[in-house]
Amino acid sequence: MATPANRMFRRLEGLFCVYKPSGVHWKLVRDSIETNLLKGLNAAPRPPLPQEVRFLAHPVSETEAPKGLTLSAATVPALAQHPLVSGPEFQRVRVGVGHRLDAFSSGVLVLGVGNGNKALNDLYGTRVTRDYTLEGEFGTATDDFSHKGSVVERSTYGHITQDKLDKVLAMLEGANQKALLMYSKVDMRSQEAYEMAVHGLLGPEGKSQPILTGLRCVHFQPPNFTLEVQCLNETQRYLCKVVHEIGLELRSTAVCKGVRRTRDGPFTLRDALIHHQWTASDVTQAVRQYHSSKKNTRYSHKPIQTPACRPPEESTTTANEMELATKQEKVQ
Amino acid sequence: MQAAYKHKISMATSCAHLCLQCRSLLCSKKVASTWQYYTHVRHCIRVTQVPTKILDGSSIVKGTHKTNPAKQMQKQQVFCYSDFAAKHLATGAEENKDVEETSCADVVAFKSPMLPIRDAVLESQVSLDLDAAAEFSAFEVISDEEAVRISVPSAMPPASTSLRDYVDHSETLSKLVQLGVNLWKIEQRPNVGSMLLRLNFNADVAPRLLFLKEIGVEDSRFGYIITRNPFILTESLENLQSRVNYLKSKKFSSETVASMVSRAPYLLNFSVKRLDNRLGFYQQQLKLSDSNTRNIVARLPRLLCGSLEPVKENLKVCEMELGFKENEIQHIVIAVPKVLTADKRKLTKIFDFLHNIMKLPHNLIAKFPQVFNSKYLRIRERHMFLDYLGKAQYDPTLPNYISLDRLVSLPDEPFCNELALATLEDFYLFQKTL
């Protein structure tokens with residue numbers, strides 16, 4: 001039925017991202033978004049109550065004997081459809097969460113509403129990288145690698161310089177690149193592997209260990225430093241462990257003070273909604289933006305005609321071509 | 001029409017006549033017995049009168065009741081529709097109606113085998129049945145009075161999980177909906193739905209609503225009160241009156257009592273002893289004067305409704321964990337009574353941030369207890385923003401002082417313009433960097 005609430009719900013279906021503040025469990029975020037969406041949907045005007053015809057007898061005084069029929073028809077609203085009796089129009093909205101963020105970290109969290117959850121599943125399945133900003137501090141080591149844990153060790157950090165840190169980061173990046181190639185399941189000596197590497201399509205399909213595809217230091221002021229990371233299949237705890245290991249590599253100790261996700265696939269900080277904007281109207285706008293950007297990428301993308309792909313020889317080439325095209329679309 | 005029918009059937013079943021005869025003996029016996037039962041039942045319906053007149057007011061379904069014997073059957077059906085309390089009568093009448101309907105159906109079904117047997121031995125019995133059966137054909141023309149007397153099977157199910165099925169038939173429920181009671185919410189509580197159906201609007205609901213009106217509660221609040229506390233409709237009027245008298249004896253003015261009742265709907269369900277116990281506790285534990293106790297109870301009446309254990313724990317937390325002195329706690333409670341029922345973890349979290357990160361001393365926090373009422377995230381974001389801008393100065397003696405109550409209570413726009421001296425967009429962008 002095309003009630004105003006149903007029309008509003010159609011406009012809400014899709015993906016959008018919010019900025020999750022730190023110290024809050026992701027489930028609370030999802031629940032408060034669902035509550036706000038329900039509030040907005042149920043505030044829409046409802047269709048008027050259906051009228052029923054009832055036969056009411058005329059009030060006749062008791063002394064008079066009734067002569068014949070004295071019934072009159074009257075239309076009365078049927079109260080069974082009243083909102084106070086049948087309840088609100090929408091009692092549940094399916095809001096799904098993309099890649100989860102633990103309570104300590106903050107950043108972009110992708111959510112899907114209604115039919116958008118199917119797109120969320122696809123997003124989960126494809127290989128999308130995520131961007132993080134890690135804040136670290138030298139001099140302490142804790143049991144859970146974050147600054148809120150109990151301290152295990154303290155050390156000096158006066159000997160650490162920028163280039164020593166850069167060397168360690170380069171070494172880590174190399175190790176991760178090797179892991180990436182190992183999980184790609186492509187023969188490294190083939191032309192196909194070269195083509196994939198040129199377009200940046202090497203990588204694991206499905207689950208694998210966390211891989212950092214990019215790592216660099218953006219700010220260095222001992223004892224504090226900030227790293228920018230691009231990674232696949234990670235957990236936030238793994239990233240805190242990376243900071244800890246960097247401290248160990250530099251013959252000191254380090255602890256992670258903050259993990260902030262700045263990008264999840266195509267969703268960046270710019271599109272993220274802060275908690276003041278978690279209302280139905282703002283979410284509708286964000287979903288509309290997502291739909292229009294999806295349309296734009298689809299029309300602007302041209303399938304890549306790689307001259308090196310030799311169709312008749314390799315039997316799996318057509319499948320590979322399709323794979324290439326879809327991967328490019330998703331990675332963009 | 002009957003002759004043609006008879007002819008057809010006799011032609012078709014001439015060979016199996018004997019078998020039919022045997023069967024017909026049994027059939028007609030059954031039919032006869034059901035028929036007798038049917039006539040007996042009809043007689044019953046006609047004779048049994050409605051013993052008590054529970055309904056005084058007019059039913060919205062079929063107008064006023066009449067004591068006319070000709071309309072007794074109609075009256076009985078009206079009674080079942082509009083008052084669920086007469087369920088036993090209703091099911092009795094419904095059962096009778098069902099039997100009546102099935103027996104009618106049986107009669108109609110048995111009509112065809114009966115016709116060829118008319119020639120058989122049981123002629124007298126059959127002819128009597130047929131004549132009686134002819135009376136109840138569907139195509140017969142009947143007078144208007146008889147039409148009115150025909151029983152219409154009710155669309156109301158005998159048991160249901162929702163009040164939706166009964167609201168159009170019950171006067172009490174429809175009047176409650178018109179008052180603004182949220183039936184959908186209260187029927188989810190166990191047994192409340194059946195309790196409401198058993199109530200009579202004029203005998204149970206109306207006196208209590210009049211009582212509330214006499215105390216001074218506004219009409220628009222009735223819906224809210226009944227939705228939150230449907231059991232106020234089953235509390236006896238003497239008890240309600242005695243509790244109101246008790247509150248007035250403790251020198252609460254009548255407007256205060258009215259506002260307390262409308263904001264804490266469960267208040268009048270508690271015994272005088274319990275109310276007394278609680279008032280005594282707040283007075284002794286917090287060592288407040290009479291007028292101050294009255295003040296905090298009037299502003300937060302649910303203090304008298306809930307259990308005292310969480311309040312005692314909160315007071316212990318304030319004293320031991322947070323380290324406030326007794327006079328500071330008194331001041332906080334008089335300013336923000338909600339602290340007594342707030343979540344302990346939230347209190348500790350907010351205090352931890354205020355004391356350790358914003359570096360505020362106890363006396364300054366005690367001066368502005370509104371900070372305990374606000375969200376932790378709000379305080380954190382605003383403080384970090386001011387810190388980033390270098391404006392986080394909370395000492396009243398130094399220049400550029402920012403008071404805590406303004407920090408917490410101002411909406412986003414005036415906060416940015418007056419306190420932080422930055423734009424709203426900058427504040428939102430900053431929130432994304434935390």
J.: Using non-hydrogen atoms only, which part of B:Asp412 is less than 4.5 Å away from chain A: side chain, backbone, both, or neither?
T.: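 Contact with chain A is through the side chain of B:Asp412 alone.
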
J.: Under a 4.5 Å heavy-atom cut-off, does chain B meet the side chain of A:Ser106, its backbone, both or neither?
T.: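 Contact with chain B: side chain only.
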
J.: What verdict does the side chain to side chain donor-acceptor pair (under 3.5 Å) test give for A:His275 and B:Glu381, after you've listed the backbone C-alpha separation in whole Å, the side-chain angles of each residue and the deciding distance to 0.1 Å?
T.: CA-CA 11 Å; A:His275 69 86; B:Glu381 281 164 5; 3.3 Å; yes

J.: Please check if the number of heavy atoms outside A:Arg30 that lie under 6.0 Å from its CZ is greater than 12.
T.: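 For A:Arg30, atom CZ is crowded (more than 12 foreign heavy atoms under 6.0 Å).
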
J.: So which atom in A:His276 and which in B:Tyr428 form the shortest heavy-atom distance, rounded to 0.1 Å?
T.: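 Heavy-atom minimum between the residues: NE2-OH, 2.9 Å.
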
J.: Step through the shown structure and confirm whether more than 12 heavy atoms of other residues, nucleotides or ligands are within 6.0 Å of CG on A:Asp143.
T.: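 Counting neighbours around CG of A:Asp143, more than 12 heavy atoms of other residues, nucleotides or ligands fall under 6.0 Å, so yes.
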
J.: Inspect the surroundings of NZ in B:Lys432 and state if more than 12 heavy atoms from other residues, nucleotides or ligands are less than 6.0 Å away.
T.: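 Counting other residues, nucleotides and ligands, NZ of B:Lys432 exceeds 12 neighbours.
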
J.: How long is the straight-line distance from NE2 of A:His82 back to CD of B:Gln178, given to the nearest 0.5 Å?
T.: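 One gets 8.5 Å once the value is rounded to the nearest 0.5 Å.
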
J.: Is any residue of residues 83-90 of chain A within less than 4.5 Å of chain B by heavy atoms, and which ones?
T.: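 Hits under 4.5 Å: A:Leu84, A:Val85, A:Ser86, A:Gly87, A:Pro88.
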
J.: Does any non-hydrogen side-chain atom of B:Thr433 lie less than 4.5 Å from one of A:Arg260?
T.: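 In short, these two side chains touch, coming nearer than 4.5 Å.
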
J.: Would you find more than 12 non-hydrogen atoms of other residues, nucleotides or ligands less than 6.0 Å from B:Lys346 atom NZ?
T.: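 Yes, because the 6.0 Å sphere around NZ of B:Lys346 holds more than 12 heavy atoms from other groups.
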
J.: Step through the shown structure and confirm whether more than 12 heavy atoms of other residues, nucleotides or ligands are within 6.0 Å of CZ on A:Arg237.
T.: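 No, CZ of A:Arg237 has 12 or fewer neighbouring heavy atoms, counting only those of other groups under 6.0 Å.
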
J.: Would you say that B:Arg380 contacts A:Ser22 through its side chain, given a criterion of any heavy-atom pair below 4.5 Å between the two side chains?
T.: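 Yes - at least one pair of side-chain heavy atoms lies under 4.5 Å apart.
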
J.: About how many Å separate CG of B:Leu434 and CD1 of A:Ile274, when rounded to the nearest 0.5 Å?
T.: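 Taking CD1 in A:Ile274 and CG in B:Leu434, the distance rounds to 10.0 Å.
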
J.: Give the interface residues of residues 347-354 of chain B toward chain A, defined by a heavy-atom separation under 4.5 Å.
T.: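 Result: B:Lys349.
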
J.: Of all the heavy-atom pairs spanning A:Leu79 and B:Ser174, show the shortest one and how long it is.
T.: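 Looking at all heavy atoms of both residues, the shortest contact is CD1-CB, 3.3 Å.
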
J.: Is A:Lys27 atom NZ crowded by more than 12 heavy atoms from other residues, nucleotides or ligands, each under 6.0 Å away?
T.: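 No, NZ of A:Lys27 has 12 or fewer neighbouring heavy atoms, counting only those of other groups under 6.0 Å.
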
J.: How about A:Arg100: does its CZ atom have over 12 heavy atoms from other parts shown lying under 6.0 Å from it?
T.: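 No, the 6.0 Å shell around CZ holds no more than 12 heavy atoms from other groups.
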
J.: Would you name the heavy atoms of A:Pro21 and B:Leu377 that are closest together and state the gap between them?
T.: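 Nearest heavy atoms, A:Pro21 then B:Leu377: CG-CD2, 3.6 Å.
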
J.: Do A:Gln91 and B:Trp184 touch side chain to side chain, with heavy atoms closer than 4.5 Å?
T.: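 They are in contact (side-chain heavy atoms under 4.5 Å apart), so the answer is yes.
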
J.: For B:Glu218, look at atom CD and say whether over 12 heavy atoms of other residues, nucleotides or ligands are found less than 6.0 Å away.
T.: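 For B:Glu218, atom CD is not crowded (no more than 12 foreign heavy atoms under 6.0 Å).
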
